Each structure stands twice: as C-alpha cells, then as structure tokens.
Visitor: 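The structure under discussion is supplied below as structure tokens; questions concerning it will follow.
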Amino acid sequence: MKEFKNFIQGEFVATEKQFENRSPVDYSLIGMVHEAGREQVNAAVQAAKQALQGPWGQLTQAQRITLLNKVAERINERFEEFLTAECLDTGKPRHLAAHIDIPRGAANFKAFSETLANHPTESFRLDTPDTLGALNLGQRTPKGVIAVIAPWNLPLLLMTWKVGPALACGNTVVVKPSEETPATTTLLGEVMNECGVPAGVFNVVHGFGPDSAGAFLTEHPQVDAITFTGETRTGEIIMKAAACGLRNISLECGGKNPSLIFADADIEKAVEGTMRSAFVNCGQVCLGTERVYVQRPLFEKFLARMKEEVAKLKLGRPEDPQANFGPLVSLEHRDKVAHYYQLAQKEGAKVEIGGGIPDMGDPELNRGAWIEPTIWTGLPETARVIKEEIFGPCCHIAPFDTEEEVIALANATNYGLAAAIWTENTSRALRVAQRIEAGLVWVNSWFLRDLRTAFGGAKQSGIGREGGVHGLEFYTELKNICIKL
Ligand SMILES: NC(=O)c1ccc[n+]([C@@H]2O[C@H](COP(=O)([O-])OP(=O)(O)OC[C@H]3O[C@@H](n4cnc5c(N)ncnc54)[C@H](O)[C@@H]3O)[C@@H](O)[C@H]2O)c1
Ligand SMILES: O=C/C=C/C=C(\O)C(=O)O
C-alpha cells in the first residue's frame, strides 16, 4: 500500500493522523495520506522562510532557471510514474493525462522561467528644478513564502502552474494539494531533491481545508502571499484569512461558462469543441461549458449531432485504450452532481441523453464514482441548474434568436471565467467577444492555451491574472528606486 507523506525541508515527514486515498474508478484503497497538523505546517513555513535566506536566495536568476529546466526534464523522464499516479488519483483516461496533465506539468517549469528572464522593468527620467533630474528604476524582488492551494481536477497541471512562476521569481513555496489527489505533488518532492533544488524551497503539506492543513497554512502569519485555485466559496474563506496581516492573494475560482453558437458556425467544429468543453475530464474543468446557446436555425441539428456524439462516449478504466470518459473524482462529488441531475428534472428539464448513474456491468466498477454524460433542454434561465456550477459532465442547450439576446444570456451569471463563441463571421466574433463579461474568450476553439497570455476570471470567478508576465505582479514585489542625479 502506498503512503503519501508531507515533504518538508527536503525530507518526507510522516504523521500519526492519516486518511485514506481511494480510487474513484472502483473505490479501492490506493494508500494512506499523512495529514499535516499545525506543527508540520509551521515547520514547512519555517523551512520555506529559511530557504529564502539560504542557498536559494543566493542563486542568480540564471542558476534558478537552470534548476527549474532540470525539474521539467526530470518530470518528462519520470513521465510514466507521474501519469500512473495522476490516473490512479483521478480515474481520468491515461491518454488524456498523457496529452494534457503531465506535459503541462513539465512545461509550467519552463515557460515562465524564459518569460520572466526576458522581461524588463520600467525606468523613467524625472525633470527637477536644478535641471539635473532623477532616474527612477523599477526593481523586482521575490515576495517571500507563497502558499499554493490546489484543487483535484488537474492536480499536477494546476499546482505547477503556480509553483513554476513562484520559484522562477525567487520565492519559496508550501503547497497544499487537494486531499483527493495527493500523489503527483508528493512525487514532485522526489524530483526536487533529484534535481538539487535546495531543501525548503518546495514543501508539501497534506490534509483538508477547515481545521486542517489548508486553514493552518493560509492563516499562517509568515506566509507572505496565497495563490488558490478552487471553488468560489473557498476563495472567500481564503480571502478572509489573507486579510489578517494584509497578505496578497490570487484567486482562480469557479465558472458557469457559456458557449455561443451562431447559425453561421461550422457545425462540425462547434460540435467537436462543445463535446470537449462539456465532457472532457468528465466535465471537471473550470473552463468547461455548462450553458450552450444555439441560434435557432441551427438548434435542432446541433442538438441531434451532440446527442449522437455523447452516445459514442465510452466509459471505462484509465488504462482502457477505447475509453474516453472516466469517473468523477470521488463518491462525494458524484453525490453532488447526481443531486443536480435530480434537480434538473424537478426544475422541468427534458433529459435529452444520460441523466443518471450508469450500470457499469461490473460489480467492481459499480463501486466507483461513475455518472452519465448528460444533455438537458427546456429549463428556464432562472433554474438553479442554469445558475450554479455543477462541475460535472453535463450541459443545458437552449435556442436564441439575436446577438443582443445571447450576449445578455451569456452575461446573466455571477461568474465570469470563460466563454466560447462559434461563428465564421470574424467581425461578429470580435463584437460579441468584447461584450462578454469573462476573463477568457475563445473563438472557434476552447482551452487553446498560450502560456504567455493572461489567465484568470472576472466577477466571482477570481481575482488577479497569472500567466506570462502577468504572474510577475503577484509573485514579485515591484520596488521603485529613485536616484537624484
Ligand atoms: N479558475 C480556475 O482556474 C480553476 C481551475 C480549476 C478548478 N477551479 C474550480 O475549483 C473547483 C473544484 O475544485 P475543488 O473542489 O478541489 O475546490 P475546493 O475549493 O473544494 O478545494 C480547493 C483546495 O482548497 C482547499 N481548501 C478547502 N477549504 C479550505 C479552507 N477553508 N482553507 C484553506 N484551504 C481550503 C482544499 O483542500 C483544496 O486543496 C471548481 O469550483 C472549479 O471551477 C477553478
Ligand atoms: O480547470 C481549470 C483549468 C485551468 C487551466 C489552467 O490554469 C491553465 O491552462 O493554465
């Protein structure tokens, strides 16, 4: 049986208190996770604080970048182990994790190093009455100890998306992975040691949120800033914790993302993109589409094509090469999603396909967190299923008539993470994109990522932007040095 220990000051640390890590595929026991208490969280923060003053703080930027590139290479060398660990924890298809999660886990250590190394700081010359003037020089310094709180849906990808730029900027980190997915973050501890990243630079504490490692870490007064990905309600709690001591936060939270499909869209491209945005990773992607609006002339045809494609999805174990659809992350999350499936029917939805818990035809698999991919129609816009983030493999498809109408529908949400627009008319695409209240808008694509671009949400989907040079605002302190000449 596997054991997932905390990683503090370069060493794996066991604790008395442990919890089970179970597979969402068949509920089998994967291993035991050592839960960090206040003592271990404190030790991890102290280790991170000391490392700032120690060898890590003494390295040149070029030396740090060399080390981070080594980390990326080592993830690729141990690709199979990362892949197996990620699929055991999440149940996602191996080919999906091999295509997205693990390569991005490595890329996140490379992309930011290069961007940050090549980014200039500002300089202004100021006129003074004596005419000699003054020079202002911007200078960036690391912020200090960064707490990284990560979710379970893309565990390695979303954790390294924070750790990569944090370390590239010279900070040290304490990571709290989701209690559901401890494996790849723990494995990264081994990689850090193998690559010679100094002890204390990367630390991992395991546990839950309230009254556990998550709260102990975010409330710790010596944490200088907190970067969080997860639910909006958790983001609110973390924001309150950060208020004490006026610590900076970066929040990437939930979404209820719309897809806007115009009658002039290339229907096959729109179907392919919407299938991915609604159902990939069993619908557990923050950028995923749960509200689909289709212009009336295309509505019936689009719905019929989507149903055909959903019927072809094949549920199965991660290692089944035919399967392209895994379980939800846990039985607890399955209960939440199944509750929304029941609510949809109570609220008057027509279930076009799916709508329940499947019989997997195998007693072992039937113990797992399986759910059917589902399409609804016919709900009023006021329905909770239309308003609340479900985070499952489901979407509601509704017709619309005019551009004005669909913009209003798309924006009628408290969230503002992402949207997808499908049309062959570029000026319409640009016109609509500008009026969508979201941090990210894709046109004729979805989740097409360029790591140099700003990433983040509007409204209740988050605070701040990360990615490319935008991460600098959060991961560094910008100091102005004014020199009188
Ligand atoms: N905007 C984005 O980029 C993005 C990306 C991925 C996921 N998400 C969102 O994440 C959610 C799914 O992930 P989840 O269920 O793991 O989210 P979650 O908020 O339940 O948990 C996220 C992390 O926060 C920790 N946590 C929970 N309560 C805490 C507390 N009181 N103090 C400190 N830490 C605490 C958890 O243990 C976990 O590590 C969805 O809402 C999804 O939209 C957003
Ligand atoms: O589930 C949410 C996906 C987020 C993706 C990223 O943060 C990224 O691609 O960098």
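Remember, predicted model here, so these are calculated numbers, not experimental data. Both counts, for ligands and for their atoms, begin at 1 and track the order of listing.
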Visitor: Quick check on contacts: which atoms of ligand 2 are under 4.0 angstrom from a heavy atom of Arg449?
Guide: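 The list of qualifying atoms is 8 (C), 9 (O), 10 (O).
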Visitor: Which ligand 1 atoms does Phe228 reach within 4.0 Å, using its non-hydrogen atoms?
Guide: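 The atoms of ligand 1 under 4.0 Å from a heavy atom of Phe228 are 19 (O), 22 (C), 23 (C), 24 (O).
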Visitor: Any idea which protein heavy atom is nearest atom 2 (C) of ligand 2, and the distance to it?
Guide: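 Answer, as residue, atom name and distance: Cys286 SG, 2.2 Å.
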Visitor: Just by modelled atom types, is the Val45 backbone N or O under 3.5 Å from a matching donor or acceptor in the His220 side chain?
Guide: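 Answer holds: no.
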Visitor: Quick one: are Val71 and Phe202 in side-chain contact, heavy atoms under 4.5 Å?
Guide: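 Val71 does not reach Phe202 side chain to side chain.
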Visitor: Nearest heavy atom to atom 9 (C) of ligand 1: which of Ala213, Pro155, Gly230 does it belong to?
Guide: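 Ranked by closest heavy atom to atom 9 (C) of ligand 1, first place is Gly230.
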Visitor: Quick one: which of Leu154, Thr234, Leu157, Thr229 has a heavy atom closest to atom 19 (O) of ligand 1?
Guide: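 Selected option, by shortest heavy-atom distance: Thr234.
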Visitor: Does some side-chain heavy atom of Ile375 sit less than 4.5 Å from a side-chain heavy atom of Glu309?
Guide: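 The answer is no, as the side chains (C-beta and beyond) never meet within the 4.5 Å cut-off.
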Visitor: Assess whether atom CD of Glu3 is packed by more than 12 heavy atoms of other residues, nucleotides or ligands within 6.0 Å.
Guide: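 Check passes, neighbour count above 12.
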Visitor: Out of all atoms in ligand 1, which are within 4.0 Å of some heavy atom of Ala215? Include the element for each.
Guide: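 Those atoms are 32 (N), 33 (C).
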Visitor: I need the nearest protein heavy-atom contact for atom 43 (O) of ligand 1: residue, atom name and distance, please.
Guide: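 The closest one turns out to be Glu389 OE2, 2.5 Å.
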Visitor: Identify which of Glu179, Glu180, Lys336, Glu231 has a heavy atom lying nearest to atom 17 (O) of ligand 1.
Guide: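 Residue with the shortest heavy-atom distance to the ligand atom: Glu231.
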Visitor: For atom 2 (C) of ligand 1, what is the closest protein heavy atom, and at what distance to 0.1 Å?
Guide: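 Result for atom 2 (C) of ligand 1: Cys286 SG, 3.3 Å.
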Visitor: For ligand 1, is Ala241 a contact, meaning one of its heavy atoms is under 4.0 Å away?
Guide: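 The answer is no: ligand 1 sits nowhere under 4.0 Å from a heavy atom of Ala241.
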Visitor: Any atoms of ligand 1 less than 4.0 Å from a non-hydrogen atom of Leu417? List them with their elements.
Guide: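 Numbered from 1, ligand 1 contributes 1 (N).
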Visitor: Nearest to atom 7 (O) of ligand 2, what protein heavy atom do you find, and at what distance?
Guide: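 Result: Leu158 CD2, 3.3 Å.
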Visitor: May I ask whether Gly462 has any heavy atom positioned less than 4.0 angstrom from an atom of ligand 1?
Guide: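 False for this residue.
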Visitor: Tell me, please: is Gln284 in heavy-atom contact with ligand 2, that is, under 4.0 Å?
Guide: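 It does not; every heavy atom stays at 4.0 Å or beyond.
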Visitor: Quick test: of every protein heavy atom, which one is nearest to atom 13 (O) of ligand 1, and how far off is it to 0.1 Å?
Guide: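 Minimum-distance protein heavy atom for atom 13 (O) of ligand 1 reads Pro151 CB, 3.4 Å.
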Visitor: Can you pull out the closest protein heavy atom to atom 39 (O) of ligand 1? Residue, atom name and distance to 0.1 Å, please.
Guide: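 Going by distance alone, atom 39 (O) of ligand 1 is nearest to Ala150 O, 2.7 Å.
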Visitor: Can you find an N or O of Glu252 that's nearer than 3.5 Å to an N or O of ligand 2?
Guide: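 N/O-N/O distance below 3.5 Å does not exist for this pair.
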Visitor: Against heavy atoms of Phe455, which atoms of ligand 1 measure under 4.0 Å?
Guide: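 Going through ligand 1 atom by atom, the ones under 4.0 Å from Phe455 are 3 (O).
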Visitor: For Glu477, which residues count as a salt bridge (Lys or Arg N to Asp or Glu O under 4.0 Å) partner, sequence neighbours excluded?
Guide: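 If we apply the salt bridge (Lys or Arg N to Asp or Glu O under 4.0 Å) test to Glu477, skipping adjacent residues, there are no hits.
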Visitor: Side chains of Arg233 and Gln460: do they bring a donor and an acceptor to under 3.5 Å?
Guide: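 A donor-acceptor contact under 3.5 Å links the two side chains.
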Visitor: Pick from Val280, Asn324, Thr90: which one makes a side-chain contact (heavy atoms from CB on, under 4.5 Å) with Leu96?
Guide: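 Option passing the side-chain contact (heavy atoms from CB on, under 4.5 Å) with Leu96: Val280.
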Visitor: For Glu39, what residues pass the salt bridge (Lys or Arg N to Asp or Glu O under 4.0 Å) criterion, not counting sequence neighbours?
Guide: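 Result, salt bridge (Lys or Arg N to Asp or Glu O under 4.0 Å) vs Glu39: none returned.
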Visitor: Using a strict cut-off of 4.0 Å, indicate which atoms of ligand 1 neighbour a heavy atom of Lys176.
Guide: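 Near Lys176, the atoms of ligand 1 are 36 (C), 37 (O), 38 (C), 39 (O).
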Visitor: Which residue and atom name correspond to the protein heavy atom nearest atom 31 (N) of ligand 1, and how close is it?
Guide: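 Closest protein heavy atom to atom 31 (N) of ligand 1: Ile237 CG2, 3.6 Å.
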Visitor: Identify which of Pro182, Gly439, Gly209, Pro177 has a heavy atom lying nearest to atom 30 (C) of ligand 1.
Guide: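 The nearest heavy atom belongs to Gly209.
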Visitor: For atom 34 (N) of ligand 1, which protein heavy atom lies nearest, and how many Å away is it?
Guide: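 Nearest neighbour among protein heavy atoms for atom 34 (N) of ligand 1, to 0.1 Å: Gly214 CA, 3.6 Å.
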Visitor: Once the angle between the rings of Trp161 and Phe455 is folded into 0 to 90°, is it parallel (under 30°), tilted (30 to 60°) or perpendicular (over 60°)?
Guide: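 Judged by the thresholds at 30° and 60°, the geometry between Trp161 and Phe455 is perpendicular.
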Visitor: Under 30°, 30 to 60°, or over 60°: which ring-plane class applies to Phe279 and Phe325, parallel, tilted or perpendicular?
Guide: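 If you compare the ring of Phe279 with that of Phe325, the planes turn out tilted.
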Visitor: When you measure from atom 5 (C) of ligand 2 to every protein heavy atom, which one gives the shortest distance, and what is it?
Guide: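 Atom 5 (C) of ligand 2 sits closest to the protein heavy atom Phe455 CZ, 3.6 Å.
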Visitor: Is Arg276 positioned over the aromatic face of Trp442, cation under 6.0 angstrom from the ring centre and no more than 45 degrees off axis?
Guide: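 No.
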Visitor: Considering only heavy atoms, which of Leu440, Ile149, Thr232, Leu217 lies nearest to atom 25 (C) of ligand 1?
Guide: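 Among Leu440, Ile149, Thr232, Leu217, the closest heavy atom to atom 25 (C) of ligand 1 comes from Ile149.
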Visitor: Looking just at side-chain N and O atoms, do Thr186 and His206 make a donor-acceptor pair shorter than 3.5 Å?
Guide: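 Looking only at side-chain atoms, His206 and Thr186 do form a donor-acceptor pair, the distance falling under 3.5 Å.
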Visitor: Please indicate, with yes or no, if any protein heavy atom is found under 4.0 Å from atom 41 (O) of ligand 1?
Guide: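 Protein heavy atoms within 4.0 Å of atom 41 (O) of ligand 1 - there is at least one.
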Visitor: Heavy-atom distances under 4.0 Å are what count here, so tell me which part of Asn153 touches ligand 1: side chain, backbone, both or neither.
Guide: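 Contact part for Asn153 vs ligand 1: side chain (C-beta onward).
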Visitor: Mark up the atoms of ligand 1 that fall under 4.0 Å of a heavy atom belonging to Leu158, in ascending order.
Guide: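 Those atoms are 5 (C), 6 (C).
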Visitor: Any heavy atom of Cys253 sitting closer than 4.0 Å to ligand 1?
Guide: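 Yes.
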Visitor: Using a strict cut-off of 4.0 Å, indicate which atoms of ligand 2 neighbour a heavy atom of Asn153.
Guide: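 The list of qualifying atoms is 1 (O), 2 (C).
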Visitor: Suppose I only count heavy atoms of Arg104 and a 4.0 Å limit; which atoms of ligand 2 are within that range?
Guide: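 Counting from 1, the qualifying ligand atoms are 8 (C), 9 (O), 10 (O).
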